[in-house]
There are 2 protein chains.
Amino acid sequence: MEMSRAVKALSALAHESRLAIFRLVIAAGPRGVAAGEIAERLEVPRPTLSFHLSQLTGAGLLEDRKEGRSVIYAARLKGISELLEYLIEDCCQGEVGGCAVPDLVVLKNCKPLGSDATGEQK
Amino acid sequence: MEMSRAVKALSALAHESRLAIFRLVIAAGPRGVAAGEIAERLEVPRPTLSFHLSQLTGAGLLEDRKEGRSVIYAARLKGISELLEYLIEDCCQGEVGGCAVPDLVVLKNCKPLGSDATGEQK
DNA sequence: TTTATATTTCTAAAAATATGGAAATGTCAC
DNA sequence: GTGACATTTCCATATTTTTAGAAATATAAA
């Protein structure tokens, strides 16, 4: 990932309303949430919401699809993991003990597929 | 972590120079880097750099210590992992297969301590 | 085709952030 | 002390981002 794309994604997340949108949509899973429902739940005026949603999709963090007359927003997994990966790219530089991202971060929440781990590793 | 702290941290990272600073400092490991060296390496004027560094430390992403007449900046591991954790908090909601943060993200870079994994897990 | 619904684009004004020169502060060596 | 160095604070300016009303677009139901 290039620097400028990472900055774009971080900028998209660096806003109270947009971070709330992002988390709401992530929590909704693959099904996604309609723009109108987001506006209602977060009490953001429609034009303002539309602006924020365009920032998030433009940054590759959300994706949208049409369904009837609604537009449904869902998390874009690839964009999200690329960003996280970029952030911690050089976190270990050899010395694993000093890693900036201890295993708890991911494993606490995400039991790897096909693994026999409990999610409470080590 | 509260929303407002997360926004602060993301805002700190959402800037070309600051993201470069962050990555430079992370890559330097626990030893850290002096402000002057960052300024030289990144070719940022001192007052501007000082402003950016204060954003990053204020956001809890870097920590500073004095050494002689230099100020050394290093990664603040706790702040970094708290932010990442907040971002992916609700990523799985039961359905592990749809996780927004596949295991590759962390494990590719960070072999857990005391593990016999190769870093190329699964 | 008329009407209601869902969302976005346009716009201009308000708010927040970034910039770097000059001056101030703190620290070490002589 | 004096002088050189390292970094930060002050500040005014410049730039970017955010905001939401009014108008435009698009789909669907009656």
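Sequence lines set the chain letters: A, B, ... in the order given, protein chains first and strands last, and positions in each chain run from 1.
Counting non-hydrogen atoms under 4.0 angstrom, A:A39 reaches nothing in the nucleic acid. Base contact: A:S50 has a heavy atom under 4.0 Å from a base atom.
Under the side chain to side chain donor-acceptor pair (under 3.5 Å) criterion, B:E2 pairs with B:S4, not counting sequence neighbours. Considering only residues two or more places apart in sequence or on other chains, A:S54 meets the side-chain contact (heavy atoms from CB on, under 4.5 Å) condition with none of them. Partners of B:E67 under the side chain to side chain donor-acceptor pair (under 3.5 Å) rule, at least two apart in sequence or in another chain, are B:R65. Looking at residues two or more places apart in sequence or on another chain, you find a side-chain contact (heavy atoms from CB on, under 4.5 Å) between B:A6 and A:L19, B:M1, B:L83, B:Y86. Among residues two or more places apart in sequence or in another chain, the side-chain contact (heavy atoms from CB on, under 4.5 Å) test is passed with A:R46 by A:A39, A:E40. For A:S11, the side-chain contact (heavy atoms from CB on, under 4.5 Å) test picks out A:V7, B:A14, with sequence neighbours left out.
Each ring-ring contact (aromatic ring centres under 6.0 Å, His included) pair with one or both residues in residues 29-74 of chain B, not counting sequence neighbours, appears once here: B:H15-B:H52. Residues in residues 15-25 of chain A take part in these salt bridge (Lys or Arg N to Asp or Glu O under 4.0 Å) pairs, two or more places apart or across chains: A:R23-B:E89. Sorted by first and then second residue, the pairs that involve residues 29-38 of chain A and meet side-chain hydrogen bond (donor to acceptor under 3.5 Å, both in side chains), not counting sequence neighbours, are A:E37-A:R41.
Checking the phosphate oxygens (OP1, OP2) of D:dA6, no side-chain nitrogen or oxygen of B:Y73 falls inside 4.0 Å.
The backbone N or O of A:E63 lies less than 3.5 Å from no partner atom in the side chain of A:R76, so there is not a single donor-acceptor pair. Side chain of B:S81 to main chain of B:L77: a donor-acceptor pair is present (N/O by atom type, distance under 3.5 Å, no hydrogens or angles).
The NZ atom of B:K8 sits 14 Å away from the C1' atom of C:dT17 (whole-angstrom rounding). The nearest whole Å value for the distance from the CD atom in B:E40 to the C1' atom in D:dA6 is 12 Å. Nucleotide C:dT5 holds its P atom 18 Å from the CD1 atom of A:I72, rounded to whole Å. Taking atom CG of A:L10 as the reference point, atom P of C:dT17 lies 15 Å away to the nearest angstrom. Atom CG in A:L49 sits about 12 Å away from atom C1' in C:dA6, given to the nearest Å.
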Heavy-atom contacts, protein to nucleotides 25-30 of chain C, under 4.0 Å, summarised as B (base), S (sugar-phosphate only) or - (none) per nt, yield -SBB--

Along nucleotides 15-24 of chain D, 5' to 3', which nucleotides get a B, which get an S, and which get a -, given that the test is a protein heavy-atom distance under 4.0 Å?
-> ---SBBBB--

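The end-to-end axis angle of the helix from C:dT1-D:dA30 to C:dC30-D:dG1, rounded to 10 degrees and based on five pairs per end, is 30°.
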